[in-house]
Amino acid sequence: MKRSCGILMHITSLPSPYGIGTMGKEAEDFIDWLKESGQSYWQVLPIGPTGYGDSPYQSFSTFAGSPLLIDLDSLVDMGLLKREQCENSNYGADPTFVDFEKVSASKMTLLREAFSKFEEDVGYLSFVKNEADWLEDYALFMAIKEENDKVSWQNWSEDLRLRKPEALEAAAGRLEDDIAFWKFLQYIFYSQWEHLKAYANKKGIEIIGDIPIYVSPDSSDVWANAYLFDMDGDLKPKNVAGVPPDYFSETGQLWGNPLYNWEAMKKENYSWWISRIEKAVSLYDIVRIDHFRAFDTYWAIPYGEKTAINGQWKNGPGMDLFNTVKKELGDAKIIAEDLGDIFDSVKVLLKDSGFPGMRVLQFGFNPNYDENDHLPHKYPENSVCYTGTHDNSTVMGWYKSADEKSQAMCKRYLKPRPFEKLNKTMIRELYKSNCALAVVPMQDVVGLDDRARMNVPSTIGGNWKWRALKKYFSHKNARYLKDLAETYFR
């Protein structure tokens, strides 16, 4: 990875007249701004269809794309919608956050209307055939889910939950039109994504995507491949994912995702994971794998526990998986999210894999004055550094809530220039550092407080909503970033 820089901002955070950022003109405008700013990368969050809590890390499918990211103007250009239909729908009134309930209701109605006018063509038929391995299960899953008032598949009738062949065949016949609708959405999504990525690459911008290590319990992935997960005979999870108690939480974090049956996956030569990474490599230029440490050791919490306290560490597949990935896919460009309580064995796995890890500047300052791997003078070249991630406070929010000792350590270490705001001091520190790639959340570029925070882990409601205003993508901000990039040879 060459010495470079980029911006972290999810697609949903882009400005848009339709209540949520999409893959349309505003995304292309942002790419133009990245180029003007001297950036090389745009990092996004997972782009799958969001489920519980509107979280991109709880998707109905690890292979599908979110219908909410589809650009409506393109459908108008295709003759599938009328512009006034799009303009007269209710997406919420506040341009600074996504009203997911209103956006979803209005947008899905419009997408149904677009589907009613769509006629299958060669491109569509080819897409459906090429993506059949995951698309057939996903489209059937979503159609059955809609028929059952969107409840989890665990609450479907037993014959559908257990995927009895006769029940699936009956559902496929009964829901034929609905299944076709969900396939249509994926065809449109993938067509628009392919266009956007080509536009970015033409402008010299590469896209960093994100793979959540775990999949949602309410997903077509688990429903269609239950034997690859740690489930009992009744398809209930035996153990679920999370992290143990630590400095940040006395009870740990209970995520609730089903864990993998690594023994069953190994017997199939990790084919499910190979397909997953292969799909991600085709969608993005670089792939960030979330919670990388779980490939070494992961925290298993008995199903039904109310907190993450009563779990135990279990061994993951380690290099056996990544050796197989390399054999099947070659040298995939991967970033390992190695944050949190890291054992020495995790560090060994990261070194053996050769993947760059992550450093977060906020984590470098703590009340005990402990020196750690997140202080810039310790950044290895083969790493990606951030002021913060989507799970952290913004820089300005962090400093406001930090204790006096941490604030003092921060100022002593960074030595801000006269009248320089802390967010700009931190960005300059990242750009100066030895790490190969410096990535800054858009909120920190413009110095926003925690009202612009994207996510508070282990909480539901109020997350993933932040949106940027067009004024943030100014020529002044572009010149500021480009000057830094040129000064520090990024």
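Start at 1 with the first residue, then count along the sequence.
- For the pair Glu113/Ser116, a side-chain contact is recorded, criterion being any heavy-atom separation below 4.5 Å from C-beta on.
- No side-chain donor-acceptor contact under 3.5 Å links Ser104 to the backbone of Glu101.
- Annotation: salt bridge (Lys or Arg N to Asp or Glu O under 4.0 Å) contacts involving residues 141-158, sequence neighbours excluded, comprise Lys145-Asp218, Glu147-Arg174.
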Step-by-step side-chain contact (heavy atoms from CB on, under 4.5 Å) determination, Leu160 to Ser157: CA-CA 6 Å; Leu160 287 173; Ser157 62; 3.7 Å; yes
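- A donor-acceptor pair under 3.5 Å is formed between the side chain of Asn463 and the backbone N or O of Thr459.
- Between the CG atom of Leu75 and the CG atom of Leu111 there is a distance of 6.5 Å, given to the nearest 0.5 Å.
- Two residues are said to be in side-chain contact when any heavy atoms from C-beta on lie closer than 4.5 Å; Pro67 and Phe189 fail this criterion.
- Side-chain contact between Ile301 and Asn310: absent, with no pair of heavy atoms (C-beta onward) separated by less than 4.5 Å.
- Of the N and O atoms on the side chains of Thr394 and Asp444, not one donor lies less than 3.5 Å from an acceptor on the other residue.
- Contact detail for Lys102 and Tyr91: the closest heavy-atom pair is CB-C, 4.1 Å.
- Of the charged side-chain nitrogens involved, none lies within less than 4.0 Å of a carboxylate oxygen, so that Asp159 and Arg161 do not count as a salt-bridged pair.
- For the pair Thr425 (side chain) and Lys421 (backbone), a donor-acceptor distance under 3.5 Å is present.
- With hydrogens and angles ignored, the 3.5 Å screen pairs a side-chain donor or acceptor of Thr109 with a backbone N or O of Ala105.
- Gln39 and Trp42 form no side-chain donor-acceptor contact under 3.5 Å, judged by distance and modelled atom types alone.
- Residues Trp299 and Leu259 form no side-chain contact, since every pair of their non-hydrogen atoms from C-beta on lies 4.5 Å or further apart.
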From CA spacing to verdict: salt bridge (charged side-chain N to carboxylate O under 4.0 Å, His left out), Asp94, Lys465: CA-CA 11 Å; Asp94 192 334; Lys465 293 177 178 291; over 6 Å; no
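- For Cys385, the disulfide bond (SG atoms under 2.5 Å apart) test picks out Cys435, with sequence neighbours left out.
- In the displayed structure, Tyr472 atom OH is contacted under 6.0 Å by more than 12 heavy atoms of other residues, nucleotides or ligands.
- Rounded to the nearest 0.5 angstrom, Ser191 OG and Leu196 CG are separated by 12.5 Å.
- For the pair Arg467 and Thr12, the tightest heavy-atom approach, listed with the atom from each and the gap, is CG-O, 3.6 Å.
- Between the CG atom in Asn148 and the CG atom in Asn155 there is a gap of 9.5 Å [rounded to 0.5 Å].
- Between Tyr190 and Phe127, the ring center distance clears the sub-6.0 Å criterion.
- Ser16 contributes a side-chain N or O that, together with a main-chain N or O of Ile20, makes up a donor-acceptor pair within less than 3.5 Å.
- A pairwise comparison of heavy atoms in Asp71 and Ser74 identifies OD2-OG, 2.7 Å as the closest pair.
- The shortest non-hydrogen separation linking Leu254 to Glu305 is CD2-O, 3.3 Å.
- Contact check on Asp133 versus Lys279 returns no salt bridge, with no Lys/Arg side-chain nitrogen under 4.0 Å from an Asp/Glu carboxylate oxygen.
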Working for side-chain contact (heavy atoms from CB on, under 4.5 Å), residues Leu168 and Leu140: CA-CA 8 Å; Leu168 296 184; Leu140 179 59; 4.1 Å; yes
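- Proximity of a side-chain donor or acceptor of Asn315 to a complementary backbone N or O of Thr297 within less than 3.5 Å is not detected.
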Contacts under 3.5 angstrom, residues 226-233 side chains, donor-acceptor by atom type, not counting sequence neighbours:
residue: Tyr227; atom: OH; partner: Glu268; partner atom: OE1; Å: 3.2
residue: Tyr227; atom: OH; partner: Glu268; partner atom: OE2; Å: 2.8
residue: Asp230; atom: OD2; partner: Asn239; partner atom: ND2; Å: 3.0
residue: Asp232; atom: OD1; partner: Asp234; partner atom: N; Å: 2.9
residue: Asp232; atom: OD1; partner: Leu235; partner atom: N; Å: 3.1
residue: Asp232; atom: OD1; partner: Lys236; partner atom: N; Å: 2.9

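- Between Phe322 and Phe292, a ring centre-to-centre spacing shorter than 6.0 Å is recorded.
- Once rounded to the nearest 0.5 Å, the distance linking CH2 of Trp182 with CD of Glu136 reads 15.5 Å.
- No donor-acceptor pair closer than 3.5 Å links the side chain of His374 to the backbone N or O of Arg359.
- Ring geometry for Tyr138 against Trp134 counts as tilted: the plane angle lies between 30° and 60°, on a 0 to 90° scale.
- Rounding to the nearest 0.5 Å gives a distance of 9.0 Å between CD of Gln186 and OG of Ser66.
- By the 6.0 Å and 45° rule, Arg293 stacks over the aromatic ring of Phe343.
- Residues Ser474 and Trp33 share a closest heavy-atom pair of O-NE1, 3.0 Å.
- Using a 4.5 Å heavy-atom threshold, the side chains of Met108 and Leu185 count as touching.
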Working for side-chain contact (heavy atoms from CB on, under 4.5 Å), residues Ile335 and Val287: CA-CA 6 Å; Ile335 295 170; Val287 178; over 6 Å; no
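- Under the side chain to side chain donor-acceptor pair (under 3.5 Å) criterion, Tyr386 pairs with Gln43, sequence neighbours left out.
- The shortest non-hydrogen separation linking Glu26 to Pro15 is CG-O, 3.0 Å.
- Remark: Trp156 pairs with Phe141, Trp223 by the ring-ring contact (aromatic ring centres under 6.0 Å, His included) rule, at least two apart or across chains.
- In this structure, the side chains of Trp262 and Lys266 stay at 4.5 Å or more apart for every pair of heavy atoms.
- If you look at Tyr57 and His291, their ring centroids are not closer than 6.0 Å.
- Rounding to the nearest 0.5 Å gives a distance of 14.5 Å between CE of Met454 and OG of Ser393.
- A donor-acceptor distance shorter than 3.5 angstrom exists from the side chain of Ser401 to the backbone of Trp398, with no hydrogens or angles considered.
- Within the 4.5 Å cutoff, side-chain heavy atoms of Asp178 are placed close to those of Arg112.
- With hydrogens and angles ignored, the 3.5 Å screen pairs a side-chain donor or acceptor of Arg453 with a backbone N or O of Asp391.
- At least one donor-acceptor pair under 3.5 Å links the side chain of Asp338 to the backbone N or O of Met358.
- A heavy-atom distance below 4.5 Å is found between the side chains of Pro56 and Trp464.
- Inspection of the Asp137 and Ser220 side chains reveals no N or O donor paired with an N or O acceptor under 3.5 Å.
- One finds a salt bridge joining Lys197 and Asp285 here, because a Lys/Arg side-chain nitrogen approaches an Asp/Glu carboxylate oxygen to under 4.0 Å.
- The aromatic rings of Tyr260 and Trp272 are tilted relative to each other, their planes meeting at an angle between 30° and 60°.
- Residues that satisfy the side chain to side chain donor-acceptor pair (under 3.5 Å) test with Ser275, not counting sequence neighbours, are absent from this structure.
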Trace of the side-chain contact (heavy atoms from CB on, under 4.5 Å) decision for Leu80 with Phe184: CA-CA 12 Å; Leu80 300 179; Phe184 159 77; 4.3 Å; yes
